[in-house]
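To start, the structure itself, in structure tokens.
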Amino acid sequence: MGIFVDAFRGGLDMLVSGATDVWSIVLVSVQVSGAAVLLALVLGIPAGFVLGTKRFIGRRMMLVIANTGMGLPPVVVGLVVAMLLSRRGPFGKLELLYSQPAMVIAQLVIALPIVAAVSAAAVSAVPRELRLQARSLGASPWQEAFMTLKEARMGLIAAIAAGFGSIISEVGAVTMVGGNLAGKTRVMTTAIVQYTRMGDYGPALALAAVLMGMVLVVNILLARVQSSAERFEA
Amino acid sequence: MGIFVDAFRGGLDMLVSGATDVWSIVLVSVQVSGAAVLLALVLGIPAGFVLGTKRFIGRRMMLVIANTGMGLPPVVVGLVVAMLLSRRGPFGKLELLYSQPAMVIAQLVIALPIVAAVSAAAVSAVPRELRLQARSLGASPWQEAFMTLKEARMGLIAAIAAGFGSIISEVGAVTMVGGNLAGKTRVMTTAIVQYTRMGDYGPALALAAVLMGMVLVVNILLARVQSSAERFEA
Amino acid sequence: SKSTPEAANPEPAPVEKTKFVLASTTSTQDSGLFDVLIPAFEKANPEYTVEVIAVGSGEAMKMGENKDADVLLVHSPAAEKAFMEAGFGTERRDVMYNDFVIVGPASDPAGIKSAGDLNAVMAALAKGKAPFMTRDDKSGTNAKELKLWAGASVSPTATANAADWYLSTGQGMGETLKITNEKQGYTLSDRATFLTSKGALDLVILREGDKALLNQYGVIPVKDAAHLDGGTAFMEWITSAEAQKIIGEFGIEKFGQALFTPNAQ
Amino acid sequence: MTTAATICITGVRKVFKGKAAVDVTRLELKPGRTLALLGPSGSGKSTLLSIVGLLEKPDAGTIELDGVRVSVADRAARMTMAAAFQRTYLFKGTVGENVAYGLRLRRVSGAETAERVAAALERVGLPGWQDRSALTLSGGEAQRVALARALVLRPRILLLDEPLASLDPIMKWRLTRDFAQILSEERVTTLYVTHDQDEALAVADDVAIMREGRIVAHGPVDEVFGLPADDWTAGFLGMEPAIRGRVLETRDGVAHIDCGGVDLFAIASVTTGSEVSFGVRPEDVLLFEADVVVPVSSARNRLDAVVAEIDPSGATFRVVIEQGSVRIAARISRAALADLRLSVGTPVQALFKATAVRVAST
Amino acid sequence: MTTAATICITGVRKVFKGKAAVDVTRLELKPGRTLALLGPSGSGKSTLLSIVGLLEKPDAGTIELDGVRVSVADRAARMTMAAAFQRTYLFKGTVGENVAYGLRLRRVSGAETAERVAAALERVGLPGWQDRSALTLSGGEAQRVALARALVLRPRILLLDEPLASLDPIMKWRLTRDFAQILSEERVTTLYVTHDQDEALAVADDVAIMREGRIVAHGPVDEVFGLPADDWTAGFLGMEPAIRGRVLETRDGVAHIDCGGVDLFAIASVTTGSEVSFGVRPEDVLLFEADVVVPVSSARNRLDAVVAEIDPSGATFRVVIEQGSVRIAARISRAALADLRLSVGTPVQALFKATAVRVAST
Ligand SMILES: Nc1ncnc2c1ncn2[C@@H]1O[C@H](COP(=O)(O)OP(=O)(O)OP(=O)(O)O)[C@@H](O)[C@H]1O
Ligand SMILES: Nc1ncnc2c1ncn2[C@@H]1O[C@H](COP(=O)(O)OP(=O)(O)OP(=O)(O)O)[C@@H](O)[C@H]1O
Ligand SMILES: [Mg+2]
Ligand SMILES: [Mg+2]
């Protein structure tokens with residue numbers, strides 16, 4: 001295991017010494033993935049609610065699309081978004097390629113199907129009668145939806161964790177559309193890749209540890225909500 | 001949009017003409033991801049069942065770990081697996097680096113938390129009484145679990161789709177541990193990346209289309225199972 | 001037809017074949033050279049099969065250190081020297097070189113085309129009129145770039161507005177060229193990669209031919225590697241006349257000019 | 001409390017897989033009255049309740065609330081109602097949160113909510129249960145929480161689908177009495193689905209009986225229970241079907257009816273010569289041995305009949321007796337059955353008062 | 001069918017949040033007999049049922065099946081049982097699949113499964129419903145499918161938690177009669193939780209009454225219903241509590257009992273001079289106006305009492321009368337109530353036979 005320990009210790013030293021501007025990288029990660037995850041939740045959870053509760057023509061097709069979307073290779077997303085935003089592409093005028101907004105777009109495309117598909121499944125497990133009961137007590141459609149999401153919180157948290165996880169850990173697409181520009185679009189994952197390519201496994205692992213620590217903290221917070229539902233169970 | 005159409009048409013021509021040995025790449029993808037997904041289901045679904053139905057000490061921690069695992073950056077998985085399998089690493093003797101088994105291991109590590117976390121959420125939505133009812137009719141623990149999974153099929157299919165999607169579309173880890181060796185460890189995603197790097201957007205997009213087609217077919221099949229549950233609803 | 005990443009190696013290898021790992025740079029692989037070189041090697045040495053792992057020069061050498069590669073084909077002379085001195089390689093031989101070019105927008109806002117020598121070019125770039133993309137990945141290209149700055153006694157990161165013009169991509173040549181294109185800035189590229197991806201770029205060669213822009217590739221079998229015999233055989237073959245001839249002709253058909261100049265002793 | 005609400009549904013149909021679960025030409029919930037809805041399992045009671053509650057869209061027909069047509073989209077209309085379903089569904093959370101749910105939606109202040117929740121829980125026999133988890137309640141406890149959750153809203157319209165089915169008799173009767181009082185005092189218009197005729201009798205003003213989606217009987221409790229509209233309804237209510245006869249004469253409000261040679265007297269305003277149908281409630285029929293001399297009593301009707309059927313019905317027995325074409329049932333105790341030594345074929349005397357005969361013109 | 005099963009639970013406790021939901025010293029399900037379990041909402045009936053069914057692990061105590069100690073881990077023991085829960089849970093799928101579930105687990109052949117499923121569905125009044133979705137059934141239909149799912153297994157032990165709660169009276173009585181027949185013919189040992197005393201009376205051989213987790217009364221139906229063990233049980237069963245008296249003499253099997261000056265006669269083998277408690281079933285008590293001359297009858301007991309209480313109880317009335325320390329209830333019809341012009345304080349004569357008095361030594 002010496003190979004790990006050595007590498008890791010070296011990397012940690014480097015991060016702590018401030019030789020690398022770790023915190024700017026972390027900040028960019030938080031900004032980009034935070035924005036993307038928020039958007040993914042804002043769009044994906046309502047989509048999941050509709051897919052999980054309503055019956056309409058094309059619903060099954062949309063479920064297939066969402067499920068398929070979870071298999072969308074991030075590099076393909078990156079490629080397509082890059083082509084769209086490239087100077088020669090249709091949205092070239094916006095000059096968005098290699099900027100944070102571009103990364104947010106790509107990550108959103110990656111996380112959206114996950115959030116939508118998993119929350120659709122979660123919401124569909126809430127008995128229809130419970131929704132009718134809420135409605136019969138005066139709930140508006142929004143209040144009814146909110147109640148349903150609360151009932152489905154275990155699955156919903158899994159959806160959020162999966163969406164967040166897919167985004168924060170993603171590297172292919174953000175590299176392609178962000179360009180890994182130091183201080184601008186370099187995020188934790190792209191920095192990890194860079195260190196790896198440079199053979200600097202130490203900082204790579206140290207950054208990975210920082211990343212995992214962040215994910216862990218987020219998930220510990222999410223777990224509180226998740227298990228708050230179980231307080232009431234037998 | 002000309003940029004897309006041209007690129008795509010060129011790529012398709014290339015694939016159809018057989019100039020590239022697409023099918024060997026697809027075959028490797030299917031072999032590697034097929035094996036990984038099977039293993040992930042075999043291990044992840046039972047884990048999800050236990051996490052979703054049993055109450056034991058450490059369960060909440062394990063849920064947090066599973067949720068955090070969904071945020072494990074594939075490149076970190078790749079890096080760690082590569083270091084473990086490296087000739088200097090602890091499992092160097094096995095000479096597994098840059099082989100399909102190495103890729104299967106890495107993909108398994110990526111998919112397992114997703115399958116486990118999402119199926120745990122799905123299974124936990126099945127009322128405990130339904131399990132007791134099955135038990136009271138003579139179900140063995142296995143039969144009870146099977147019934148529970150069947151009841152949770154909507155969420156379970158989402159878990160499978162998410163796990164499969166994460167694996168089939170992954171590129172960072174497979175590149176690191178597989179090495180993108182033509183005919184051996186070159187899979188669709190690594191080939192796409194390479195074409196992209198070479199500026200050959202055409203074949204990259206065409207391969208991406210093949211990949212998405214495959215994922216789509218799998219998900220259409222899964223959707224049949226998924227919506228078979230809805231046949232019985234109001 | 002375009003070059004493809006697939007090696008024409010349809011027959012399953014006979015059991016007695018030894019497999020060894022060649023770690024090389026992405027730029028070499030992306031140029032398509034291995035697609036002709038490897039089959040030729042395997043034909044000449046049927047007892048071997050080669051697995052090419054394309055990574056950055058830095059990682060390639062790390063693979064050597066870890067004995068995950070049996071032979072390296074890299075272009076980072078200073079690092080190669082250090083690698084040899086640390087005792088990781090059995091020997092190092094020159095294989096070929098290609099040359100670096102400085103590319104940028106045709107409008108050439110920094111005016112490097114008309115600048116005198118390379119030092120003047122670097123100084124002009126350091127004025128920060130347009131972004132300069134550095135690969136910043138310890139690759140051979142990156143090493144060469146840093147050498148050029150040092151030669152001109154410029155420390156780009158120390159300039160006042162470095163964050164605005166000296167952009168670190170941390171990526172391969174192809175990606176860095178794409179970013180350069182989007183930013184309509186400058187970068188240092190190996191000729192092969194530039195020619196390969198030129199079609200998608202609105203960039204032109206602004207400086208070429210300067211002596212300091214040569215890019216020397218070396219081959220190093222890794223000491224104590226599992227398949228050192230294969231690595232050594234590869235070194236012997238690639239420095240042979242037969243291989244040197246293949247290298248000298250590679251690219252003529254596609255680009256109208258050779259991408260590499262063989263120079264094995 | 002605002003004025004009592006009226007609900008009128010017209011031409012309502014709901015079809016599942018080609019079969020009409022509900023097919024109601026017209027049904028009115030009169031202001032401030034409680035309508036008990038009875039019917040066999042699967043007759044469409046619950047479906048009708050969710051249509052009236054604007055929860056389920058009917059395939060055809062209209063629902064009018066106070067004369068204004070309303071639909072599932074009318075939230076304002078739904079806000080005047082509250083429902084407790086046949087199968088109890090509680091929200092994850094505490095009992096208190098469940099009961100407070102509708103109040104919170106109505107932005108009732110915290111203090112008032114706490115007070116009303118406490119009162120509602122007290123009313124259903126669960127005082128101080130606010131902090132208990134709603135997911136671990138027993139069947140009857142859960143059902144009472146669901147009931148409190150609806151009652152606490154003081155709705156103008158209350159929709160209850162077998163609200164007391166899982167309760168023990170003591171609790172059931174306590175709540176039944178409570179209900180009857182609240183519902184009439186507060187003039188809540190109520191649709192009350194139940195399987196228990198006694199409960200209906202205690203709570204309801206009106207009764208409707210459903211059969212295969214249709215309303216086959218509808219009217220005030222006494223009328224419907226007193227004189228089943230047809231053979232099927234009579235059978236469903238555990239009664240003998242109505243008997244047909246001709247009015248021979250009417251004097252002092254007492255109609256003298258002839259049915260195939262048997263003379264009967266009823267308090268009814270019917271025209272002489274008209275065809276009528278009538279029935280007698282089993283509880284109102286007294287049986288005597290055939291040969292005893294029955295003392296003079298206020299019972300105007302006396303039959304010399306024969307026992308046709310004896311069925312145990314819970315703790316009592318239902319004895320059907322026949323004289324000619326007149327067939328009526330008597331409910332008697334186990335002791336009486338033994339004392340009278342009844343078996344099929346035993347001759348008996350049956351006595352019942354003229355007021356016990358319910359008459360309807362045909 | 002193998003021999004009938006015996007289940008004996010001893011010292012069983014189940015504690016939820018510090019409160020014992022079940023705390024039973026000893027309860028035996030006798031072979032081939034049906035034990036009706038009654039008790040107020042939340043008294044622990046369902047919890048006890050899942051402990052007996054080896055579904056829930058008790059915190060303490062043992063369960064013996066045919067004298068062998070068993071636990072939740074004993075699948076073989078559980079395979080001899082089948083249960084239908086209070087709240088119906090059906091599996092996603094068709095009605096047929098649901099009913100066939102246990103048979104498939106037992107690897108019964110397809111043909112036999114189809115046959116038995118069809119028969120079971122027929123028995124619960126849902127013939128040919130095999131292909132209907134189990135998720136869209138009405139409350140009563142679902143309950144019957146759950147019942148069929150348990151019955152189809154022909155278990156040695158049947159655990160039913162209010163199996164008929166959502167059914168209309170007709171269906172309920174049909175199934176009750178069916179049950180009584182099947183259970184005794186096939187000698188199925190049955191635990192039958194119900195809130196309906198009439199149902200218990202019709203189906204059960206033995207009765208147990210639970211209160212706050214404990215069994216407060218247990219014995220053959222007649223005994224428990226005839227003579228409530230204590231005030232609480234009596235109140236729960238809607239009866240007057242047992243009356244205490246002293247045996248003055250016993251002759252020809254008839255005990256002459258004195259209770260505070262009132263003389264009563266009962267058929268009972270008790271020793272002279274002993275203290276006894278006794279009760280009279282309300283159905284067995286006949287009331288007469290105080291001043292009429294009651295003809296000679298087989299009724300040995302006559303009280304000159306006063307009406308103390310009148311409660312409506314469904315379609316009939318419960319009238320409590322008092323003479324000195326003797327307080328008994330009579331169930332009478334609405335007609336009788338009117339005829340006798342009863343109100344609280346009215347003097348009445350009450351008659352009941354010596355056989356109607358249930359006696360227990362204290
Ligand atoms: N979604 C549905 N799809 C198909 N049939 C349905 C659906 N919902 C209800 N039904 C059928 O419609 C009929 C009426 O159902 P409903 O629940 O209204 O009956 P009910 O009178 O309430 O019966 P119960 O007394 O058993 O509760 C039933 O036969 C039921 O099976
Ligand atoms: N998991 C649990 N956690 C806490 N309390 C519980 C739990 N399960 C049951 N109880 C409580 O234990 C008591 C007994 O419950 P049980 O379901 O056995 O009652 P029951 O006699 O079946 O009542 P009902 O007639 O209302 O169905 C109830 O007060 C209930 O609230
Ligand atoms: Mg119903
Ligand atoms: Mg219960």
The single option from B:N219, B:I220, B:L222 that satisfies side chain to side chain contact (heavy atoms under 4.5 Å, CB included) with A:T68 is B:N219

If one checks every heavy atom of B:M176 against chain A at 4.5 Å, the contacting part turns out to be side chain

Given the options A:V76, A:L72, A:I65, which has more heavy-atom pairs under 4.5 Å with chain B than any of the others? A:L72

Under 4.5 Å to a heavy atom of chain A? For B:A117 that would be backbone

Is B:V64 close to chain A through its backbone or its side chain, or both, or neither, when contacts mean heavy atoms under 4.5 Å? both

Among B:G155, B:A120, B:A159, B:A162, which has the most heavy-atom pairs under 4.5 Å with chain A? B:A162

Heavy-atom count check: over 12 atoms from other residues, nucleotides or ligands less than 6.0 Å from B:M214 CE? yes

On a heavy-atom basis, the closest approach of A:G71 and B:M212 is O-SD, 3.9 Å

Minimum-distance pair of heavy atoms, taken over all atoms of A:S124 and B:M154: OG-CG, 3.2 Å

Given A:L216, A:V218, A:V126, A:I168, the one with more heavy-atom pairs under 4.5 angstrom with chain B than any other is A:L216

With a sphere of 6.0 Å drawn around NZ of B:K54, does it hold more than 12 non-hydrogen atoms of other residues, nucleotides or ligands? yes

Going through the distances and angles, do A:E170 and B:E170 end up as a side chain to side chain contact (heavy atoms under 4.5 Å, CB included)? CA-CA 9 Å; A:E170 198 282 323; B:E170 198 283 323; over 6 Å; no

To the nearest 0.5 Å, tell me how far A:M70 CE sits from B:I167 CD1. 12.5 Å

For a side chain to side chain contact (heavy atoms under 4.5 Å, CB included) with B:V75, tell me which candidate from A:T190, A:T196, A:V171 qualifies. A:V171

Which region of B:I192, side chain (C-beta onward) or backbone (N, CA, C, O), has a non-hydrogen atom less than 4.5 Å from a non-hydrogen atom of chain A, or is it both or neither? side chain

Test A:L205 against B:M83 for side chain to side chain contact (heavy atoms under 4.5 Å, CB included), laying out the working first. CA-CA 11 Å; A:L205 284 176; B:M83 286 175 83; 3.8 Å; yes

Which heavy atom of A:P73 sits nearest to which heavy atom of B:S169, and what is that distance? CA-CB, 3.2 Å

Looking only at heavy atoms, what is the nearest atom pair of B:A158 and A:A121, with distance? CB-CB, 4.0 Å

